[in-house]
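Contents: one structure, followed by commentary.
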Amino acid sequence: MPIADSKIRVFTTRPDTLFGATYMVLSPEHKLVPQLTTPEQKKAIEDYKAFAAGKSDLERTELAKEKTGVFTGAYALNPVNGAKIPIWIADYVLASYGTGAIMAVPAHDERDWEFAQKFELPIRAVVMPPVEWLKKNAPADWSHLDPNSFTVEFAKIPKNFKTAFTDEGHAINSKNLEVSLDSLGVTEAKAKITAWLEEKGLGKKTINYKLRDWLFSRQRYWGEPFPIIWKKDAAGNLYHEALPESSLPLLPPSLEDYKPTPDGQPPLARAKDWLNLPDGSVRETNTMPQWAGSCWYYLRYTDAKNAGGFVGKEAEQYWMGSRGRQSAPSSAPEKNASTNVGGYETPGVDLYVGGTEHAVLHLLYARFWHKVLFDLGYVSTPEPFFKLVNQGLIQGEDGQKMSKSRGNVVNPDDILVEFGADAFRLYEMFMGPLQDTKPWNTKGVEGVYRFLGRVWRLFVDEQSETEFEQAETNAEPQGRGELLDLIKLNAAIKDVQPTPAQLKPLHACIKKVTEDLEGMRFNTAISAMMVSINDAMTWETKPASLLKTFLQLLAPFAPHLAEELWAKISTIYSQPSTSLAYSPWPKFDPARLIESEIEIPVSVNGKMRDVIKVPADADHATLEAIAKASEKVKAFTDGKVIKKVIIVPKKMVNIVVA
RNA sequence: GCCGGUGUGGCGAAAUGGCAGACGCACAGGACUUAAAAUCCUGGGACCCUAAAAAGUCGUGUCGGUUCGAGUCCGACCACCGGCACCA
């Protein structure tokens, strides 16, 4: 029974359980495995390594519930008590995390517990659980025993209990001649054993950083080629080298065929001229995945034509925030202190909108790149994005996440062809709050499409539209665009002063849409516009100025239709109009929104009983008198003692009776 | 397992602690039409009573609390969705 004469380094967050380590596990890829394996175990170990290597990542994680592993035949010594413990390999230990080796404490780690139970390895208790845990996890047939005896049982034979105890408790069975952890809590025990190990030179306190392993290469054509070449040293070993800056940017070769080669090389290997360099070195043929570009395009966009670098200093400082957009007009509204970071207003990209499933990873890596560039001095701020909004996932019509395998994918192209970009865009905004997950419903698109149809009919003369449609059917395709001029403005639209009754709802709508846009409440902004349009349909005379304002509100939601109708309605005026896109956003006049008479609810004991019409500025006494005079209210108050009357002007009256 | 989110009509949803269900979908009835499509009008939470209504009762995942008053605030729980995950 050989005992390993080398040291095996392990990483743990629970050094306090070191006395409970009853075996060790190395990942199958660990480099000490070959030298540790005994001749008798060699075959089994090699078979297992092949088995583990053949598993995909998916199989190793999601599917691999059942623990597997093989004994190396070797033993290690536990530094705290000299115990001889077997060394196994198992794929539940990942080569890429920590040192790729663990000390297994089955009594206090669920994975180790499962493994120890399966392979009948010893289990040693070193942390005492609370009595409630012991009761809950004791074997069912112990119910007649005194729960106080469970403490003794757990300390002796923890394997009888149902599972590992992984929470905090006080240490037991944890002492040697020099150090004792017994009765200490987890935190104290960790500190004490760490100090002892460091003093003895047996271990070291450390911080372990983790960044998810990201496979940064693809065997596809579409992607940026790596500016890396491969060379051979004197012994014939391959090594790689970065291309000099003068050879950048490296462009992909043009290919006739974008498929991988018959012998399994990536597509770039087809471009022999590009691949092989005169000095005998060979280019890397993998390409970078889409992330590679999307992680920094926001920087490139600030200086897209710069041939000398990925972004110029001036442009970077202006757009990404180290200068704080000082050229902005001083009349710009002041932002409150919380939006002022490092002395700059909204530095970098003002707003990042993305769903969590995409943004969690993309945002993580884009920020990582940005921080690397910041540390290297190429960008001037440590963070690229000022504000994040996670928009909700759009599910399939069945309420499930869209996926090809479920067959519930909605293709945007089909929707665009049938309803147009405006309706598609409008529907996505109308579905519900931006941040919420919600199912797609094509019937809903029809709904907003009908709304846009009503907007259209509000503006155009239906007779002329019929003529247009007939002319279009007979016309040559290329001449159809000009026929649009056949469509005349609705005769009810006139260059007249709007009435106060028309202006009030309009200004309410401007207010609502303006505020909802600011808060990204697109769904309620759209419903406010629907209300306005439904109202305007009933007007006999439609003032042109008012309809123009409405188009300005609609433009961010349905830009194509709004711009088209803007041009059409401008024909009512003598001078030609400029594009709607350049017109200033309308302002609402609070004076237009003042009501003289309002309706407020009256309740008795908190239950609504009547609605009364009162002057908007009615005082407490007036409100109380009107409320008490209501016949419907009287039915509930007559013959009862009024204990209290609560009055909130402009809101409600509540009468409390005994 | 850890982190985050969401629960309101048949459906998507709305509602500074103050009239629950705006707006839209679906559905039903009607108008226009030879007919259909499109369009327009009307009606829809449940229960109870009624010829029909009015009035009344209940109702925002469950249980409890605060309040004159709770979808909204507080506490506990349940369910569903998303992200991450043998990370020692």
Side-chain angles (χ1 to χ4, degrees), chain A residues 10-15 17 21 24-25 27 60-68 90-105 108-112 114-115 166 208-213 355-361 364 390 392-393 395 397 399-401 426-427 430-433 435-451 453-454 457 462 512 521 523-534 537-538 599-612 632 635-636 643-648 650-657:
Chain A
V10 299
F11 173 75
T12 183
T13 57
R14 289 296 298 275
T17 62
M24 293 191 69
V25 185
S27 70
R60 271 204 181 196
T61 56
E62 283 175 42
L63 305 178
K65 293 278 188 306
E66 184 76 2
K67 294 279 180 293
T68 58
D91 67 358
Y92 83 90
V93 172
L94 308 175
S96 57
Y97 187 77
T99 59
I102 61 158
M103 62 175 207
V105 186
H108 304 292
D109 181 284
E110 275 177 34
R111 298 152 299 182
D112 297 344
E114 267 179 56
F115 193 81
T166 56
N208 198 33
Y209 293 97
K210 186 175 105 182
L211 182 65
R212 187 175 183 268
D213 182 28
T356 51
E357 74 294 336
H358 169 252
V360 163
L361 292 173
L364 180 68
N390 284 136
L393 192 77
Q395 301 162 317
E397 297 207 83
Q400 300 281 318
K401 189 171 176 173
L426 196 64
Y427 173 63
F430 184 64
M431 291 171 83
Q435 289 88 342
D436 287 6
T437 298
K438 48 219 175 263
W440 177 268
N441 179 3
T442 301
K443 288 283 184 195
V445 189
E446 291 174 24
V448 295
Y449 182 73
R450 278 202 279 269
F451 163 66
R454 279 203 298 283
R457 288 193 303 276
E462 289 197 52
K512 180 79 178 149
R521 294 178 295 269
N523 55 328
T524 49
I526 293 166
S527 96
M529 289 187 286
M530 287 173 166
V531 172
S532 285
I533 285 297
N534 290 344
M537 295 294 275
T538 66
E599 289 187 340
I600 65 168
V602 181
S603 49
V604 179
N605 285 354
K607 289 196 177 183
M608 211 277 286
R609 298 301 180 186
D610 197 11
V611 176
I612 54 174
K632 287 177 183 170
F636 291 91
K643 286 167 66 180
K644 203 198 262 190
V645 180
I646 291 141
I647 295 163
V648 184
K650 296 191 206 297
K651 286 290 175 193
M652 46 70 64
V653 176
N654 186 23
I655 299 168
V656 184
V657 298

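Every chain is numbered from 1, with letters handed out A, B, ... down the list of sequences.
An anti orientation is assigned to B:G10, its glycosidic angle lying beyond 90° of 0. Applying the 90° criterion around 0 to the glycosidic angle, B:G9 comes out syn.
Nucleotide B:A76 is matched to B:U62 when pairs are restricted to Watson-Crick or G-U wobble geometry with both distances under 3.5 angstrom. Nucleotide B:U8: unpaired (no Watson-Crick or G-U wobble partner with both distances less than 3.5 Å). Searching all strands for a Watson-Crick or G-U wobble partner of B:C68 with both distances below 3.5 Å returns B:G18. Under the Watson-Crick or G-U wobble criterion, with both distances below 3.5 Å, B:U39 is paired with B:A31. Figure legend. B:G44 is base-paired to no nucleotide; pairs are counted as Watson-Crick or G-U wobble with both atom distances under 3.5 Å.
Within 4.0 Å of A:G447, counting heavy atoms only, lie sugar-phosphate atoms of the nucleic acid but no base atom. Contact annotation for A:E110: no contact, since no heavy-atom pair falls under 4.0 Å across all strands. Using a 4.0 Å heavy-atom cutoff across all strands shown, A:Y449 reaches no nucleic acid atom at all. A:V611 comes within 4.0 angstrom of a base, heavy atoms only.
Put simply, the side chain of A:K643 and the base of B:C68 share no donor and acceptor less than 3.5 Å apart. Side-chain atoms of A:K607 and base atoms of B:U57 include no donor and acceptor less than 3.5 Å apart.
Among the nucleotides B:A14, B:C19, B:G24, the one closest to any side-chain atom of A:N523 is B:A14. Comparing B:C25, B:A13, B:C87 by their nearest atom to the side chain of A:K443 picks out B:C25. The nucleotide whose nearest atom lies closest to any side-chain atom of A:L94 is, among B:A20, B:C87, B:G56, B:C87. Comparing B:C19, B:A88, B:A14 by their closest approach to the side chain of A:R111 singles out B:A88. Across B:C19, B:A14, B:A88, the shortest atom-to-atom separation from the side chain of A:T12 is found for B:A88. Nearest to the side chain of A:R454, among B:A14, B:G24, B:C19, sits B:G24. The side chain of A:M431 lies closest to B:G12, out of B:G24, B:G12, B:C86. Across B:A14, B:C25, B:A20, the shortest atom-to-atom separation from the side chain of A:P433 is found for B:A14. For A:V531, the listed nucleotide lying nearest its side chain is B:C23; candidates were B:C25, B:G12, B:C23. Looking at the side chain of A:R457, the nearest of the listed nucleotides B:G12, B:U39, B:C68 is B:U39.
RNA chain B is contacted by both A:I646 and A:N534; A:N534 maps to the nucleotide lying nearer its 5′ end (nearest heavy atom per residue).
Rounded to the nearest Å, the gap between the C1' atom of B:G69 and that of B:C78 is 28 Å. When the P atom is compared between B:G61 and B:A70, the two are found 15 Å apart, to the nearest whole Å. For B:C63 and B:A52, the C1' atoms lie 41 Å apart once the distance is rounded to whole Å. Nucleotides B:C19 and B:C73, compared at atom P, are 16 Å apart to the nearest Å. Comparing the C1' positions of B:U8 and B:A22 gives a spacing of 14 Å, expressed to the nearest Å. One C1' atom belongs to B:G21, the other to B:G9, and the distance between them is 7 Å to the nearest Å. A gap of 24 Å separates the C1' atoms of B:G18 and B:G7, to the nearest Å. Between B:G45 and B:G71, the two C1' atoms lie 15 Å apart (nearest whole Å).
Checked against A:S27 for a side chain to side chain contact (heavy atoms under 4.5 Å, CB included), the options A:V93, A:D91, A:I102 give a single hit: A:V93.
Here the P atom of nucleotide B:C81 and the CD atom of A:Q435 are 21 Å apart, to the nearest Å. Note: CZ (A:F11) to C1' (B:C86) measures 15 Å, nearest angstrom. Residue A:M530 contributes atom CE, which lies 17 Å from atom P of B:G12 at whole-angstrom precision. Atom-to-atom, CD of A:E446 to C1' of B:A37 comes out at 13 Å; the value is rounded to the nearest Å. Between A:K650 atom NZ and B:G17 atom C1' there is a gap of 19 Å when expressed in whole angstrom units. When rounded to the nearest whole Å, the span between CZ of A:F115 and C1' of B:C86 equals 12 Å. Per the geometry, CD1 belonging to A:I526 stands 15 Å off C1' belonging to B:C25, to the nearest Å. When rounded to the nearest whole Å, the span between NZ of A:K651 and C1' of B:U72 equals 14 Å.
For A:F11, the CZ atom is densely surrounded, since the number of other residues' heavy atoms within 6.0 Å is greater than 12.
Remark: A:K67 NZ to A:E114 CD distance equals 4.0 Å, nearest 0.5 Å. Of the inter-residue distances, the one linking A:M652 atom CE with A:M608 atom CE reads 11.5 Å to the nearest 0.5 angstrom. One finds the CG atom of A:N654 at 7.0 Å from the CG atom of A:N605 (value rounded to the nearest 0.5 Å). Atom CG of residue A:L393 and atom CD of residue A:Q435 lie 14.0 Å apart, to the nearest 0.5 angstrom.
Ring-plane geometry between A:W440 and A:Y427 is classed as perpendicular, the angle between the planes exceeding 60 degrees on a 0 to 90 degree scale with a lower cut at 30.
Checking the phosphate oxygens (OP1, OP2) of B:A14, no side-chain nitrogen or oxygen of A:R521 falls inside 4.0 Å. Contact annotation: A:K644 side-chain N/O to B:C68 OP1/OP2 distance is under 4.0 Å. Residue A:R609 has no polar side-chain atom (N or O) positioned under 4.0 Å from OP1 or OP2 of B:A55.
Geometrically, A:R111 does not engage A:Y92 in a cation-pi contact, judged by NZ or CZ lying under 6.0 Å from the ring centre and within 45° of the ring axis.
Counting only heavy atoms from C-beta outward, the side chains of A:V657 and A:K643 never approach each other to under 4.5 Å.
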